[in-house]
Amino acid sequence: AQKVTQAQTEISVVEKEDVTLDCVYETRDTTYYLFWYKQPPSGELVFLIRRNSFDEQNEISGRYSWNFQKSTSSFNFTITASQVVDSAVYFCALSYGGSQGNLIFGKGTKLSVKP
Amino acid sequence: ETGVTQTPRHLVMGMTNKKSLKCEQHLGHNAMYWYKQSAKKPLELMFVYSLEERVENNSVPSRFSPECPNSSHLFLHLHTLQPEDSALYLCASSQDWDLSYEQYFGPGTRLTVT
(Lines give C-alpha, C1' and ligand atoms only; values in the text may rest on other atoms or scores of the structure.)
Protein backbone atom coordinates (compact mmCIF):
# COMPACT_ATOMS: atom_id res chain seq x y z
CA ALA A 1 0.00 0.00 0.00
CA GLN A 2 1.11 3.54 -0.67
CA LYS A 3 1.47 5.57 2.45
CA VAL A 4 3.14 8.63 3.92
CA THR A 5 3.95 8.76 7.62
CA GLN A 6 4.84 11.89 9.52
CA ALA A 7 5.37 10.57 13.01
CA GLN A 8 5.88 13.96 14.62
CA THR A 9 2.48 15.47 15.31
CA GLU A 10 3.75 18.67 16.88
CA ILE A 11 7.18 20.21 17.38
CA SER A 12 7.98 23.32 19.37
CA VAL A 13 11.32 25.10 19.11
CA VAL A 14 12.78 28.42 20.08
CA GLU A 15 13.76 30.85 17.38
CA LYS A 16 17.18 30.22 15.78
CA GLU A 17 17.12 26.53 16.60
CA ASP A 18 17.46 24.01 13.78
CA VAL A 19 14.57 21.60 13.35
CA THR A 20 14.07 18.48 11.23
CA LEU A 21 10.67 17.24 10.14
CA ASP A 22 10.55 13.55 9.33
CA CYS A 23 8.74 11.89 6.45
CA VAL A 24 8.69 8.18 5.69
CA TYR A 25 6.94 6.85 2.64
CA GLU A 26 5.85 3.48 1.28
CA THR A 27 5.38 2.57 -2.35
CA ARG A 28 6.20 -0.38 -4.55
CA ASP A 29 6.52 1.78 -7.64
CA THR A 30 10.01 2.57 -8.86
CA THR A 31 8.86 5.88 -10.32
CA TYR A 32 7.37 8.26 -7.82
CA TYR A 33 7.55 11.85 -6.64
CA LEU A 34 7.77 13.34 -3.18
CA PHE A 35 6.60 16.78 -2.16
CA TRP A 36 6.62 19.10 0.82
CA TYR A 37 3.94 21.69 1.46
CA LYS A 38 3.62 24.38 4.13
CA GLN A 39 0.23 25.40 5.52
CA PRO A 40 0.40 28.63 7.55
CA PRO A 41 -2.53 29.67 9.75
CA SER A 42 -4.11 31.42 6.76
CA GLY A 43 -4.94 27.97 5.38
CA GLU A 44 -3.40 27.91 1.93
CA LEU A 45 -0.98 25.07 1.23
CA VAL A 46 2.23 26.41 -0.23
CA PHE A 47 4.34 24.16 -2.45
CA LEU A 48 7.95 23.93 -1.25
CA ILE A 49 9.71 21.20 -3.19
CA ARG A 50 9.27 18.24 -5.53
CA ARG A 51 11.74 15.37 -5.80
CA ASN A 52 11.59 12.40 -8.16
CA SER A 53 12.63 8.89 -7.20
CA PHE A 54 15.65 8.89 -9.48
CA ASP A 55 17.26 11.94 -7.98
CA GLU A 56 18.66 11.38 -4.51
CA GLN A 57 20.68 14.53 -4.49
CA ASN A 58 19.97 16.63 -1.45
CA GLU A 59 18.68 20.13 -1.99
CA ILE A 60 19.21 23.38 -0.18
CA SER A 61 17.16 26.51 -0.60
CA GLY A 62 18.13 29.25 1.79
CA ARG A 63 17.39 28.03 5.31
CA TYR A 64 15.56 24.98 3.99
CA SER A 65 17.19 21.69 3.10
CA TRP A 66 15.87 18.29 2.16
CA ASN A 67 17.47 14.88 2.64
CA PHE A 68 16.11 12.14 0.36
CA GLN A 69 17.26 8.61 1.19
CA LYS A 70 15.77 5.73 -0.75
CA SER A 71 17.50 3.19 1.46
CA THR A 72 15.35 4.27 4.39
CA SER A 73 12.37 5.53 2.33
CA SER A 74 12.69 8.91 3.94
CA PHE A 75 12.46 12.48 2.72
CA ASN A 76 13.27 14.69 5.68
CA PHE A 77 13.05 18.45 5.81
CA THR A 78 15.36 20.62 7.88
CA ILE A 79 14.89 24.29 8.72
CA THR A 80 18.08 25.97 9.86
CA ALA A 81 17.94 28.93 12.23
CA SER A 82 14.16 28.76 12.53
CA GLN A 83 12.08 31.91 12.60
CA VAL A 84 8.62 32.70 13.97
CA VAL A 85 7.33 32.93 10.38
CA ASP A 86 8.18 29.25 9.94
CA SER A 87 5.34 28.36 12.29
CA ALA A 88 2.92 26.29 10.23
CA VAL A 89 1.75 22.77 9.53
CA TYR A 90 4.06 20.98 7.13
CA PHE A 91 2.83 18.16 4.90
CA CYS A 92 4.82 15.53 3.09
CA ALA A 93 3.12 13.95 0.05
CA LEU A 94 3.69 11.17 -2.48
CA SER A 95 2.54 10.56 -6.01
CA TYR A 96 3.22 7.35 -7.90
CA GLY A 97 2.30 5.71 -11.18
CA GLY A 98 -0.94 4.26 -9.90
CA SER A 99 -2.08 7.53 -8.40
CA GLN A 100 -1.82 9.50 -11.64
CA GLY A 101 -1.81 13.10 -10.46
CA ASN A 102 -3.28 12.36 -7.05
CA LEU A 103 -1.22 13.11 -3.98
CA ILE A 104 -1.07 10.90 -0.90
CA PHE A 105 -0.58 13.22 2.05
CA GLY A 106 0.83 12.54 5.47
CA LYS A 107 -1.07 13.81 8.49
CA GLY A 108 1.22 16.80 8.84
CA THR A 109 3.58 18.13 11.49
CA LYS A 110 2.65 21.30 13.31
CA LEU A 111 5.74 23.41 13.92
CA SER A 112 5.64 26.20 16.49
CA VAL A 113 8.61 28.54 16.61
CA LYS A 114 8.63 30.69 19.71
CA PRO A 115 10.52 33.99 19.98
CA GLU B 1 -5.46 37.89 -9.74
CA THR B 2 -2.77 35.28 -9.60
CA GLY B 3 -2.59 31.65 -8.57
CA VAL B 4 -5.70 29.92 -7.29
CA THR B 5 -8.55 31.89 -5.77
CA GLN B 6 -11.54 30.63 -3.83
CA THR B 7 -14.78 32.31 -2.81
CA PRO B 8 -16.25 32.68 -0.34
CA ARG B 9 -13.51 32.42 2.26
CA HIS B 10 -16.01 31.70 5.02
CA LEU B 11 -19.49 30.21 4.79
CA VAL B 12 -22.07 29.36 7.40
CA MET B 13 -25.07 27.42 6.21
CA GLY B 14 -27.97 25.52 7.64
CA MET B 15 -28.58 21.89 6.81
CA THR B 16 -31.40 22.72 4.41
CA ASN B 17 -29.54 25.41 2.49
CA LYS B 18 -28.03 25.19 -0.96
CA LYS B 19 -24.77 26.97 -1.60
CA SER B 20 -21.84 26.81 -3.98
CA LEU B 21 -18.10 27.15 -3.54
CA LYS B 22 -16.15 28.67 -6.38
CA CYS B 23 -12.55 28.13 -7.42
CA GLU B 24 -10.65 29.86 -10.18
CA GLN B 25 -7.10 29.23 -11.33
CA HIS B 26 -5.06 31.74 -13.29
CA LEU B 27 -2.15 29.41 -14.05
CA GLY B 28 -3.27 27.87 -17.35
CA HIS B 29 -3.47 24.44 -15.73
CA ASN B 30 -5.43 21.48 -17.07
CA ALA B 31 -6.28 19.65 -13.84
CA MET B 32 -8.27 20.84 -10.83
CA TYR B 33 -9.00 19.22 -7.49
CA TRP B 34 -11.32 19.53 -4.50
CA TYR B 35 -10.03 18.50 -1.06
CA LYS B 36 -11.67 18.39 2.35
CA GLN B 37 -9.57 19.13 5.42
CA SER B 38 -11.13 18.32 8.80
CA ALA B 39 -9.54 18.82 12.17
CA LYS B 40 -7.06 16.10 13.03
CA LYS B 41 -7.62 14.24 9.76
CA PRO B 42 -5.43 13.96 6.68
CA LEU B 43 -6.36 15.87 3.59
CA GLU B 44 -9.10 13.98 1.77
CA LEU B 45 -9.24 14.13 -2.00
CA MET B 46 -12.84 14.54 -3.13
CA PHE B 47 -12.88 15.14 -6.88
CA VAL B 48 -10.44 15.54 -9.75
CA TYR B 49 -11.09 17.13 -13.12
CA SER B 50 -8.69 16.78 -16.03
CA LEU B 51 -9.43 18.83 -19.13
CA GLU B 52 -12.91 19.51 -17.74
CA GLU B 53 -13.69 15.82 -17.38
CA ARG B 54 -14.20 14.27 -13.96
CA VAL B 55 -11.58 11.56 -13.52
CA GLU B 56 -11.83 10.87 -9.80
CA ASN B 57 -14.75 10.70 -7.43
CA ASN B 58 -13.62 9.31 -4.10
CA SER B 59 -16.85 7.95 -2.65
CA VAL B 60 -18.10 11.40 -1.85
CA PRO B 61 -21.74 11.70 -0.72
CA SER B 62 -24.12 12.99 -3.37
CA ARG B 63 -24.87 16.09 -1.31
CA PHE B 64 -21.58 17.35 -2.78
CA SER B 65 -21.84 17.99 -6.50
CA PRO B 66 -18.87 19.29 -8.49
CA GLU B 67 -18.98 21.22 -11.73
CA CYS B 68 -16.17 22.20 -14.07
CA PRO B 69 -17.51 24.45 -16.85
CA ASN B 70 -14.04 25.18 -18.23
CA SER B 71 -10.42 24.52 -17.35
CA SER B 72 -10.15 27.66 -15.22
CA HIS B 73 -13.22 27.26 -13.05
CA LEU B 74 -14.38 24.65 -10.59
CA PHE B 75 -17.47 24.68 -8.43
CA LEU B 76 -18.65 22.58 -5.53
CA HIS B 77 -22.42 22.68 -5.09
CA LEU B 78 -23.64 21.90 -1.60
CA HIS B 79 -27.11 20.83 -0.49
CA THR B 80 -28.62 19.30 2.63
CA LEU B 81 -25.27 19.09 4.36
CA GLN B 82 -24.63 17.58 7.77
CA PRO B 83 -22.74 19.15 10.69
CA GLU B 84 -19.86 16.70 10.10
CA ASP B 85 -19.34 18.33 6.72
CA SER B 86 -17.97 21.39 8.49
CA ALA B 87 -14.36 21.67 7.34
CA LEU B 88 -11.90 23.63 5.25
CA TYR B 89 -12.49 22.97 1.57
CA LEU B 90 -9.42 23.45 -0.56
CA CYS B 91 -9.18 23.75 -4.30
CA ALA B 92 -5.97 23.00 -6.17
CA SER B 93 -4.72 22.89 -9.73
CA SER B 94 -1.79 21.34 -11.57
CA GLN B 95 -0.34 21.57 -15.05
CA ASP B 96 -1.75 18.17 -15.93
CA TRP B 97 -3.17 15.16 -14.12
CA ASP B 98 0.16 13.41 -13.87
CA LEU B 99 2.29 12.17 -11.00
CA SER B 100 5.14 14.54 -11.81
CA TYR B 101 3.31 17.83 -11.36
CA GLU B 102 2.97 19.70 -8.12
CA GLN B 103 -0.39 21.10 -7.14
CA TYR B 104 -1.07 24.71 -6.31
CA PHE B 105 -3.68 25.40 -3.68
CA GLY B 106 -6.15 28.15 -3.03
CA PRO B 107 -6.72 29.68 0.42
CA GLY B 108 -9.74 27.48 1.10
CA THR B 109 -13.34 28.03 2.15
CA ARG B 110 -14.03 27.53 5.85
CA LEU B 111 -17.47 25.92 5.92
CA THR B 112 -19.62 25.65 9.03
CA VAL B 113 -22.85 23.68 8.87
CA THR B 114 -25.31 24.52 11.63
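Residue numbers begin at 1 in each chain, while the letters A, B, ... track the order of the sequences.
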Quick check: is Trp97(B) connected to Val60(B) through a chain of hydrophobic side chains (ILVMFWY, heavy atoms under 4.5 Å apart)? no
Measuring only between side-chain heavy atoms, which start at C-beta, is Phe47(B) closer than 4.5 Å to Leu74(B)? no
Centroid-centroid under 6.0 Å between Tyr101(B) and His29(B) rings: no
Under a 3.5 Å distance rule, please check whether Glu102(B) uses its side chain to pair with a backbone N or O of Phe35(A) as donor and acceptor. no
Counting only heavy atoms closer than 4.5 Å, note whether Glu56(B) contacts chain A via side chain, backbone, both or neither. side chain
Using only atom types and a distance under 3.5 Å, with no angle test, would you say the side chain of Ser112(A) pairs donor to acceptor with the backbone of Ser12(A)? no
Answer with side chain, backbone, both or neither: which region of Arg110(B) has an atom nearer than 4.5 Å to a non-hydrogen atom of chain A? neither
Need one label for Phe91(A): side chain, backbone, both or neither, based on atoms under 4.5 Å from any heavy atom in chain B. side chain
Contacting region of Gln37(B) [heavy-atom separation from chain A under 4.5 Å]: side chain
Between Ser94(B), Ser100(B), Gly106(B), which shows the greatest number of heavy-atom pairs under 4.5 Å with chain A? Ser100(B)
Of the backbone (N, CA, C, O) and the side chain (C-beta and beyond), which part of Thr31(A) lies under 4.5 Å from a heavy atom of chain B, both, or neither? both
Quick check on Asn52(A) against chain B: is it the side chain, the backbone, both or neither that has a heavy atom closer than 4.5 Å? neither
How many angstroms lie between atom OH of Tyr90(A) and atom CH2 of Trp36(A), to the nearest 0.5 angstrom? 9.5 Å
